[in-house]
Amino acid sequence: MTAIALSIAGTDPTSGAGIQADLKTFSALGVYGATVITALVAQNTCGVRAIHDVPADFVAAEIDAVFSDLAVGATKIGMLSKPEVIETVAEGLTRWEPGPVVLDPVMVAASGDPLIADEAVTSLRERLFPLAAVITPNLMEAARLLDEELAQDADAMLRQAKALADFGAGAVLLKGGHGNGDEAADLLWVDDAAHWFSAPRIETKNTHGTGCTLSSAIAAGLANGLGLPEAVDAAKAYVHNAIINADLLEVGKGHGPVHHFYRQWRNG
Ligand SMILES: Nc1ncnc2c1ncn2[C@@H]1O[C@H](COP(=O)(O)OP(=O)(O)OP(=O)(O)O)[C@@H](O)[C@H]1O
Ligand SMILES: Cc1ncc(CO)c(N)n1
């Protein structure tokens, strides 16, 4: 049977992040991708200009259109900026069978621009975390969700990952991409055990959409039947290579995209 993954997220018209990055990731990894769009975002590699939220009842109609037709093996959730859309997505996930849910609690773009309303952070935590197989916050998102300082070392990351697990998700992948040091180390806390996934930090400004790409790659692995630690391991390797090859692409004036198709394209 064809492995199908669904992304529920916002858009990026320059295709480095959001739904477009998710669909490219699914495609590069051999999984058929479906999409439910939650917000139209006028953004590019330099920043976010405007956000047009899709009305909640239309998001519900998109969800029903996908699930009434396709057998979805895993679902990735990205940008959800409004509480009413979060509620609609929570109801949709309960109404249908979404497979394991990978929830990326998107809050700010790589440019630093906000992508979520303040009042939506609480609904995300309360309504959606309990439905997720894994949540994938970066260091800043973890600090905001816990109302704590940014984790500065491995011990603090472990403490915050455990604290985030108490909100009800099956597992927590705390991403260290924004840390400092020679390694970009991510911590998976699952079944009361810590697994570290580390790779050398790559010197590049082209990291727009790394978080979207990682969570979609995990969903692709899960849709292909991998267990969570294996899916995270494969996703980390894919993102790492996509970042290494990012400078082969010359796209945009700001933080450019990673190279989703480094395996398929011959010349950059
Ligand atoms: N410069 C880098 N070198 C190597 N790996 C990186 C680098 N930047 C990010 N990563 C890795 O990319 C993945 C995504 O992590 P990151 O912390 O960047 O997510 P994010 O902040 O949610 O992304 P986004 O900027 O798209 O919101 C993680 O596996 C992280 O370790
Ligand atoms: C739509 C969207 N989702 C997530 C991110 C985070 O990179 C972004 N810039 N845009």
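When a residue number appears, it is its place in the shown sequence, counting from 1. Just so you know, ligand 1 is whichever comes first in the structure, and atom 1 is the first atom listed for that ligand.
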Pick one of side chain, backbone, both or neither for how [X] approaches ligand 1, counting any non-hydrogen atom pair under 4.0 Å.
X	answer
Pro200	backbone
Val239	side chain
Lys236	side chain
Ile243	side chain
Thr210	both

task: Following the transitive rule for hydrophobic clusters with a side-chain heavy-atom cut-off under 4.5 Å over Ile, Leu, Val, Met, Phe, Trp and Tyr, establish whether Leu214 and Leu222 coincide in one cluster.
output: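 Per the 4.5 Å side-chain linkage, Leu214 and Leu222 are co-clustered.
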In one Ile/Leu/Val/Met/Phe/Trp/Tyr side-chain cluster, 4.5 Å: Met107, Leu80: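 The answer is yes; both residues are in one hydrophobic cluster.
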message: Is the shortest side-chain heavy-atom distance between Leu158 and Lys162 below 4.5 Å?
response: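 Touching, per the 4.5 Å side-chain cut-off.
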Proximal candidate to atom 23 (O) of ligand 1 [heavy atom criterion; set Gly211, Ala109, Pro105]: Gly211
Val232, Val108, Asp104: member with heavy atom nearest to atom 27 (O) of ligand 1: Val108
query: Which residues, ordered by chain and number, are linked to Ile51 in its hydrophobic cluster, where ILVMFWY side chains connect at heavy-atom gaps below 4.5 Å, directly or through other members?
result: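 Val41, Val48, Met79, Val106, Leu115, all in the cluster of Ile51.
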query: What is the minimum heavy-atom distance between Ala246 and Pro257, and which atoms define it?
result: CB-O, 3.7 Å
- prompt: Taking all non-hydrogen atoms of both residues, which atom of Val36 and which atom of Ile19 are closest, and how far apart?
  reply: O-CD1, 3.8 Å
query: Do the rings of His259 and Tyr262 sit parallel, tilted or perpendicular, given the 30° and 60° boundaries?
result: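 Perpendicular, since the angle between the ring planes exceeds 60°.
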- prompt: Would you say Gly209 contacts ligand 1, with heavy atoms under 4.0 Å as the rule?
  reply: yes
message: Please output the residues near ligand 2 using a strict heavy-atom distance under 4.0 Å, listed in chain and residue-number order.
response: Gly10, Thr11, Ala17, Gly18, Gln43, Met79, Val106, Ala109, Leu115, His208, Cys212
With sequence neighbours excluded, residues passing ring-ring contact (aromatic ring centres under 6.0 Å, His included) with Phe26: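 Partners of Phe26 by the ring-ring contact (aromatic ring centres under 6.0 Å, His included) criterion come out as none, since no residue qualifies.
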- request: Can you run down the salt bridge (Lys or Arg N to Asp or Glu O under 4.0 Å) pairs that involve residues 114-132, sequence neighbours left out, and say none if there aren't any?
  value: Glu87-Arg127, Asp118-Arg144
